[in-house]
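Every value quoted in this text rests on a predicted model; they were computed, and no experiment measured them. Sequential numbering from 1 along the given sequence is applied to the chain's residues. The figures that follow rest on heavy atoms only: side chains count, while hydrogens, waters and symmetry mates do not.
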Amino acid sequence: AVAAAAPSSKEKALCAELGEVRAELTRVRAELEESRNEAEVEVHVLRKRVEEQDEVVEERTDQVRRMADALEEQMADIEMLREELEGSRGDAAAAAATAGILNNEFREERLTHAPPASAVPRLHSVTSRVMAHTNPLIPTTDLPLYEGAALSEGEAALQSAVDEVCGQAPTLRAALLRCFTALFAGDAVAAEFFLLHLLSRVHTRHSELALGGFSVNFSGVPSKAAGAFGGAMAEVTAQVLSKRAHVPLTIESCNKSRFAPKKDYHKNILVSGKLQLSAGTLALVDESTLEPGNLDANGVRNLQALQQVISFQKLSYDFEYYQVDFPTDIMVTVLSQGKSMMPCQLHVPIVATGAGADAGAGWTNGTEVALRELAASPDLLAAVRRYLGVARQLDMEIPDAIRTRVEQDFVDMRRADPRAVTADTFHQLLTLARTMALSLGARNLTEEAWQATKALEAARRSRLPKA
């Protein structure tokens with residue numbers, strides 16, 4: 001065998017160099033592998049970013065597309081509005097005029113509800129209470145007599161005033177009857193009915209009935225005293241009553257005025273009427289001034305409102321689309337030449353006995369006599385005012401003995417004249433008896449008051465025309 005030749009130094013050098021090359025290749029391969037991995041990571045990251053950018057671009061593209069669609073719709077709306085504006089340009093002047101009218105209407109409403117202080121003085125109330133009466137001469141239990149006073153002191157003062165008035169009632173009643181007799185041209189019967197009328201009030205309501213109050217028609221006013229007599233009564237009653245209203249009836253006043261309140265939707269307020277009166281007000285309705293003529297729709301409504309107050313003591317407020325009834329407590333006195341067309345509960349023909357009564361002079365001269373009677377003494381005038389205020393507010397009871405007597409008298413009257421005496425007649429007689437007792441200062445119906453009532457009613461009936 002031939003032994004292998006030992007490598008030469010050149011071969012050894014080549015082998016060493018080859019080993020270095022292999023090592024360098026291995027290192028290079030490792031670096032390449034590492035670079036490839038890093039490149040793959042970077043490519044993945046870049047691809048991810050590209051995908052995210054694509055999503056953002058797509059989303060923004062959608063937003064731009066939607067904005068473009070919305071812009072197109074807005075442009076279409078603008079175009080439509082432009083067409084509408086061009087089409088309505090001819091109505092611009094009318095629209096401006098309408099706006100001016102509406103502005104004036106609102107301005108009128110504002111001025112109605114809040115007029116300037118120069119036109120309507122302001123009265124600011126911190127607190128208020130509804131009082132039982134408006135007579136300043138009569139104490140009231142609603143308020144203390146002075147600051148710091150107990151309510152019981154007010155009650156004591158009121159009771160003292162009531163006792164004083166009841167004690168002076170016969171004297172004060174006689175003074176008023178003298179005054180009213182002169183006013184009614186010497187007719188004492190009419191004067192007494194007028195006094196009882198001033199003391200009447202609605203004390204009970206039952207369904208459509210208002211019990212306690214009654215209206216009176218005084219007829220027989222001569223044509224020469226028409227209007228003047230009503231003014232005279234208004235002048236005299238203003239001296240003794242805290243509230244009274246004079247309502248002369250003419251064709252013109254009925255057609256042009258308003259008796260019942262009516263809602264004004266234009267100004268958004270409730271316009272008051274002549275019959276919108278507080279409880280306890282005397283309404284002097286002068287029918288003697290009414291002459292022949294034609295009533296329009298408003299005049300008919302006014303007379304219907306007056307008839308409603310007289311018959312049922314209620315007033316319908318006109319809200320245009322519906323009516324609302326409000327209760328009233330008004331003493332209605334109707335003056336007329338003949339029997340009134342109003343449905344008054346009592347008809348009292350006046351029989352004048354004064355000088356010049358037929359010519360009408362006695363009707364106007366009686367006013368001066370009545371006013372002199374009242375002005376004779378300031379203390380008497382104050383006492384009369386207090387008497388009318390207290391007596392009207394008092395309650396009256398019927399004792400059992402008098403009740404039995406009244407029922408028996410009604411049976412006797414019914415038996416004597418069944419056609420003339422009815423349940424309404426009996427109720428009317430009891431109402432008169434109540435005011436008669438109060439006029440005498442009695443808190444209970446007495447035999448004296450009952451007999452005086454029957455005599456007074458008999459005198460009235462004797463004046464009525466026979467059926």
Side-chain angles (χ1 to χ4, degrees), residues 134 180 183-184 190 193-194 197-198 200-202 210 213-223 225-262 270-318 325-348 350 363-364 367 388:
T134 57
F180 291 159
L183 179 63
F184 281 95
F193 269 106
F194 187 58
H197 178 53
L198 296 183
S200 65
R201 66 179 175 89
V202 177
F214 59 90
S215 56
V216 184
N217 167 220
F218 292 102
S219 65
V221 178
S223 58
F229 180 60
M233 287 195 68
E235 186 178 358
V236 172
T237 52
Q239 298 297 317
V240 296
L241 298 177
S242 58
K243 294 182 292 185
R244 71 107 178 92
H246 185 206
V247 187
L249 289 185
T250 63
I251 295 296
E252 183 178 5
S253 66
C254 290
N255 289 339
K256 293 185 178 181
S257 62
R258 181 181 295 105
F259 284 11
K262 183 177 182 180
L270 184 66
V271 182
S272 63
K274 288 186 176 182
L275 297 181
Q276 189 182 2
L277 305 172
S278 60
T281 301
L282 172 67
L284 283 172
V285 180
D286 193 354
E287 189 183 312
S288 66
T289 57
L290 189 62
E291 297 180 352
N294 295 324
L295 290 175
D296 58 16
N298 183 66
V300 173
R301 283 193 298 268
N302 284 334
L303 292 186
Q304 289 174 344
L306 179 58
Q307 291 175 354
Q308 185 184 36
V309 172
I310 291 175
S311 300
F312 306 106
Q313 279 294 339
K314 64 180 182 181
L315 183 62
S316 294
Y317 286 30
D318 185 6
D325 292 339
F326 285 87
T328 61
D329 185 8
I330 305 172
M331 300 172 289
V332 182
T333 300
V334 180
L335 307 176
S336 60
Q337 298 184 36
K339 184 179 179 180
S340 173
M341 61 181 175
M342 296 298 159
C344 297
Q345 283 83 4
L346 290 177
H347 174 210
V348 182
I350 302 174
W363 297 80
T364 53
T367 307
L388 290 175

Completion exercise
Interatomic distance, OG1@T333 vs CG@L346, rounded to 0.5 Å, equals 10.5 Å
Fill in the blank from the handout: Those residues at least two apart in sequence (or on a different chain) that pass side-chain hydrogen bond (donor to acceptor under 3.5 Å, both in side chains) with K274 are none
Practice task
Taking the side chain as every heavy atom from C-beta outward, state whether N217 and M342 have any pair of such atoms under 4.5 Å apart.
Solution key: no
Exercise for the section: With rounding to the nearest 0.5 Å, note down the distance linking CZ in R301 to CD in Q308. Expected result: 13.5 Å
Fill in the blank from the handout: Sorted by chain and number, sequence neighbours left out, side-chain hydrogen bond (donor to acceptor under 3.5 Å, both in side chains) with S253 holds for T250
Handout entry: Within residues 282-296 or reaching into it, pairs that qualify as salt bridge (Lys or Arg N to Asp or Glu O under 4.0 Å) - sequence neighbours excluded
Key = none
Fill in the blank from the handout: Closest heavy-atom pair, Q337 versus A226, reported as atoms and distance to 0.1 Å, is NE2-CB, 4.0 Å
Handout entry: Q345: side-chain hydrogen bond (donor to acceptor under 3.5 Å, both in side chains) partners, not counting sequence neighbours
Key = S215
Review item, side-chain donor-acceptor pairs of residues 227-238, under 3.5 Å, at least two apart:
unit_1, atom_1, unit_2, atom_2, d
T237, OG1, M233, O, 2.7
T237, OG1, A234, O, 3.2

Problem - Side chain to side chain, L306 and L275, heavy atoms closer than 4.5 Å - result: yes
Exercise for the section: Check C254 against L295 and note the closest heavy-atom contact, atom names and distance. Expected result: CB-CD2, 3.8 Å
Practice task
Mind listing the closest non-hydrogen atom pair of V334 and C344 along with its distance?
Solution key: CG2-SG, 3.6 Å
Practice task
Check ring-ring contact (aromatic ring centres under 6.0 Å, His included) between F214 and all other residues, then give those that pass, not counting sequence neighbours.
Solution key: H197
Exercise for the section: Please assess V247 against L284 for the test side-chain contact (heavy atoms from CB on, under 4.5 Å), listing each intermediate value before the final yes or no. Expected result: CA-CA 6 Å; V247 187; L284 283 172; over 6 Å; no
Exercise for the section: First locate atom OG of S340, then atom CG of L249, and finally report the distance between them rounded to the nearest 0.5 Å. Expected result: 8.5 Å
Handout entry: Sidechain-backbone polar pair: Q313 side chain, I330 backbone, donor-acceptor under 3.5 Å
Key = yes
Practice task
Quick one: pull up CG in L282 and NZ in K243 and give me the separation to the nearest 0.5 Å.
Solution key: 11.0 Å
Completion exercise
Those residues at least two apart in sequence (or on a different chain) that pass side-chain hydrogen bond (donor to acceptor under 3.5 Å, both in side chains) with H347 are S219
Handout entry: Those residues that, when tested against F180, pass ring-ring contact (aromatic ring centres under 6.0 Å, His included) (two or more places apart)
Key = F194
Exercise for the section: Determine yes or no for a side-chain-to-main-chain donor-acceptor pair under 3.5 angstrom, with N302 supplying the side chain and S257 the backbone. Expected result: yes
Exercise for the section: Output every pair passing salt bridge (Lys or Arg N to Asp or Glu O under 4.0 Å) with a member in residues 329-341, not counting sequence neighbours, ordered by first then second residue. Expected result: D329-R392
Exercise for the section: List the atom of P343, the atom of S311, and the distance in Å for their closest heavy-atom pair. Expected result: CG-OG, 3.2 Å
Problem - All pairs passing salt bridge (Lys or Arg N to Asp or Glu O under 4.0 Å) where residues 245-260 contributes a residue, at least two apart - result: E252-K256
Exercise for the section: Evaluate side-chain contact (heavy atoms from CB on, under 4.5 Å) for F326 paired with Q276, printing each intermediate quantity in order. Expected result: CA-CA 10 Å; F326 285 87; Q276 189 182 2; over 6 Å; no
Problem - Those residues that, when tested against F312, pass ring-ring contact (aromatic ring centres under 6.0 Å, His included) (two or more places apart) - result: none
Practice task
Scan for ring-ring contact (aromatic ring centres under 6.0 Å, His included) pairs involving residues 284-303, sequence neighbours excluded, and state none if there are none.
Solution key: none
Handout entry: Minimum-distance pair of heavy atoms, taken over all atoms of N255 and G299
Key = OD1-CA, 3.6 Å
